[in-house]
Amino acid sequence: MIEISRIRENKEEVVDRLKVRGLDASSDIEKILELDQQWRAKKQEMDSALAEMNKISKDIGALFQQGKKAEAEEAKKKTGELKERSQTLKTEFSDLENEINTLLLNIPNIPNPAVPEGATEDDNEVIFEKGEIPSFGFNALPHWDLATKYDVIDWELGVKVTGAGFPIYKNQGARLQRGLINFFLDEAIKAGYSEYVPPFVINEDSGYGTGQLPDKEGQMYHITTDELYLIPTSEVPLVNTLRGDRVKKEDLPIKLTAYSPCFRREAGSYGKDVRGLNRLHQFDKVELVMASDQESSYDELDKMVEHVKGLLQKLELPYRILRLCGGDLGVTAAITYDFEVYSTAQERWLEISSCSNVETYQANRMKLRYKDEDGNTKLCHTLNGSALALPRVIAGILENHQDENGIKIPEALVPYVGFERIQ
RNA sequence: GGAGAAUUGGCAGAGUGGUCGAAUGCGGCAGUCUUGAAAACUGUUGUACCGCGAGGUACCGGGGGUUCGAAUCCCUCAUUCUCCGCCA
């Protein structure tokens, strides 16, 4: 949720920057400002009615204490109308407040000036490319066929137990999975992140805190008997550990990492996008989360991007980095760098990581604050990045490291998985 | 799952209907003393919102209610602790 002060102070800038997303927010912004005016006037009116009420109550108290019962009873009679009025004002006031909040919640984050304008993924900006795309002298297979050929993933078994989008990893596939998780966590710890094991279900407040609710409830699995949700990413529990906190500036940045399964309903997906490991209802991921002060968040984002680069290099995968255009940017992000690995067999790039600076958008919702040098209370900036999402990594390894009779495990990973080849 | 107790400011802890945004202690900050530090002493010290300001409003786990008036009474939810039961 963007700060209303930002709209009050820089209306034009807010509207202009949102255009980068292909969004014309001008009428919403005007509406918010208009309601904000009314809200302030109503608050003054309500406060003075309450003040009057408080004063009379005090007087009555004093009269009773002095034993002047008759006068007190007299004063009581006068409160009825005033009480009714302040109750009406309270209702009107909170109605206005709700209306403003609803509008504010619907406004996505303001893109950073570096975000290119554009509507679709074709407008994303490639800012870095590394690694050689292998050319195979044999008939290279896509990962879903390789997975079956070497018996590392069982698609049908997952369908039997649960449904489509819940594959079962077997044998060397399971060990690869486990090794990757440990590898990513160790790398994150080396980079200064604290490892957490968070809950994999969250309550409603947490959903609101990071921005999954009220908008995207359809994307989460909802446990209605207990009003809990399965996490779509461990970003949600990790960031929410800080909800409502007032942190010391010297403790920033706070860097957290966690492994978790991620659950996504992915309603509306179809076709080649969901083939094999490309899009699942349950997948494993190691996530990085950070809370920083406002001045250094972009330096921290750069460091996060460097960290992810290092991982892909150790996995010996050809990759590139995109700066997402406005139209492709998630609701909560001010800027996002996507990492994509080239899938040789599918002849397409697959998103493998996404690193975002959310600036104050989540911190404002969850009131995550720190005090700066001058003693002013400020909202933190929050950042998040995947390091990394496992299925895409496995797809990348299978497809790019295949030869005619097996798959070579990247050297850095061998100590973690305990074998050099899948065959 | 059953029974009981509890939830107050950074922490500890008092407060059972009015003068309570809330005693007291610890901690924090500023000062006195000291070459410096400690100790002692003095003062100060919650947050948010509205207002140019004076000032005002809200907040004692969350939500609702009773009352002229609620930290205090009632309802409800959550959490914590103790005992019993069950269990990896």
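Predicted, not measured: the structure shown is a model, and the values here were computed from it.
Within the structure, a side-chain polar atom (N or O) of Thr377(A) is placed less than 4.0 Å from OP1 or OP2 of rA48(B). In this structure, Arg40(A) reaches the rG51(B) phosphate: one of its side-chain N or O atoms is under 4.0 Å from OP1 or OP2. Look at Lys83(A) and you'll find a side-chain N or O under 4.0 angstrom from OP1 or OP2 of rG69(B).
Nucleic acid contact for Ser57(A): base, since at least one base atom lies under 4.0 Å from a heavy atom of the residue.
Across the protein-nucleic acid pair, Glu227(A) atom CD and rG63(B) atom P stand 18 Å apart, rounded to whole Å. The interatomic distance linking Leu96(A) (CG) with rC50(B) (P) rounds to 14 Å, in whole Å. Taking atom CG on Asp205(A) and atom C1' on rA78(B), their separation rounds to 11 Å, with Å as the unit. Rounded to an integer number of Å, the gap from CG of Asp36(A) to C1' of rC49(B) is 12 Å. Distance CG (Asn203(A)) to P (rC77(B)): 18 Å, rounded to an integer number of Å. The CD-P distance, from Glu204(A) to rA78(B), rounds to 14 Å in whole Å. Whole-Å rounding puts the Leu379(A) CG to rA48(B) C1' distance at 13 Å. Put simply, CE on Met366(A) is 19 Å from C1' on rA48(B), counting in whole angstrom units.
In the model, Thr233(A) has a side-chain atom that pairs as donor or acceptor with a side-chain atom of Lys285(A) under 3.5 Å. Side-chain contact of Gln346(A) with Glu399(A): a donor-acceptor pair under 3.5 Å is present, judged by distance alone. Checking Ser296(A) against Asp293(A) by side-chain atom types alone, a donor-acceptor pair falls below 3.5 Å.
The aromatic rings of His281(A) and Tyr221(A) sit perpendicular, their planes meeting at an angle over 60°, well past the 30° parallel limit.
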Could you pull out all donor-acceptor pairs under 3.5 Å where a side-chain atom in residues 172-184 of chain A meets a protein atom, sequence neighbours excluded?
from      : atom 1 : to        : atom 2 : distance (Å)
Gln172(A) : NE2    : Arg421(A) : O      : 2.9
Arg175(A) : NH2    : Val417(A) : O      : 3.4
Gln177(A) : NE2    : Asp284(A) : OD2    : 2.6

With a cut-off of 3.5 Å and sequence neighbours excluded, list every side-chain donor-acceptor pair involving residues 235-242 of chain A.
from      : atom 1 : to        : atom 2 : distance (Å)
Glu235(A) : OE2    : Gln362(A) : NE2    : 2.9
Glu235(A) : OE2    : Asn384(A) : ND2    : 3.4
Asn240(A) : OD1    : Arg243(A) : NE     : 2.8
Asn240(A) : ND2    : Ser206(A) : O      : 2.8
Asn240(A) : ND2    : Thr210(A) : OG1    : 3.4
Asn240(A) : ND2    : Val236(A) : O      : 2.9
Thr241(A) : OG1    : Leu238(A) : O      : 2.5

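Of the candidates rC68(B), rC50(B), rA48(B), rC50(B) carries the atom nearest the Gln44(A) side chain, counting heavy atoms from C-beta on.
Rounded to a whole angstrom, the distance from the C1' atom of rC60(B) to that of rA6(B) is 15 Å. If you take atom P in rC83(B) and the same atom in rC75(B), they sit 27 Å apart, rounded to whole Å. Rounded to whole Å, the separation between the C1' atoms of rU24(B) and rA14(B) comes to 7 Å. Distance check on atom C1': rA23(B) versus rG13(B) gives 10 Å, rounded to whole Å. Of the C1' atoms belonging to rU72(B) and rA22(B), the separation is 12 Å, rounded to the nearest Å. A distance of about 15 Å separates the P atoms of rG64(B) and rA71(B), rounded to the whole Å. Annotation: rU8(B) and rG15(B) have their P atoms spaced 14 Å apart (nearest Å). For the C1' atoms, the distance linking rA78(B) with rU42(B) amounts to 45 Å, nearest Å.
For rC29(B), the paired base is rG43(B) (Watson-Crick or G-U wobble, both distances below 3.5 Å). A 3.5 Å limit on both hydrogen-bonding distances identifies rU57(B) as the Watson-Crick or G-U partner of rA48(B). Remark: rA14(B) base-pairs with no nucleotide; criterion is Watson-Crick or G-U wobble with both hydrogen-bond distances under 3.5 Å. In a base pair of the Watson-Crick type (N1 to N3 plus N6-O4 or O6-N4) or a G-U wobble (N1-O2 and O6-N3), with each distance short of 3.5 Å, rG36(B) is matched with no nucleotide. Pairing for rC20(B) is absent, with no Watson-Crick or G-U wobble pair whose two atom distances lie under 3.5 Å. Figure legend. rA6(B) is base-paired to rU79(B); pairs are counted as Watson-Crick or G-U wobble with both atom distances under 3.5 Å. Applying the Watson-Crick and G-U wobble criteria (two distances, each under 3.5 Å), rG1(B) pairs with rC84(B).
The pair Lys11(A)-Glu30(A) counts as a salt bridge, with a side-chain nitrogen and a carboxylate oxygen less than 4.0 angstrom apart. Using a 4.0 Å cut-off between charged side-chain N and carboxylate O, Arg40(A) and Glu45(A) make no salt bridge.
Annotation: of the two residues near RNA chain B, Lys43(A) and Ile60(A), the 5′-most nearest-nucleotide partner is Lys43(A). Checking Gly61(A) against Arg369(A), the closest nucleotide of RNA chain B that is more toward the 5' end is the one next to Gly61(A).
Geometrically, Lys309(A) engages Phe128(A) in a cation-pi contact defined by less than 6.0 Å to the ring centre and at most 45° from the axis.
Within residues 45-55 of chain A, the residues that have a heavy atom under 4.0 Å from RNA chain B are, in order of number, Asp47(A), Leu50(A), Ala51(A), Met53(A), Asn54(A).
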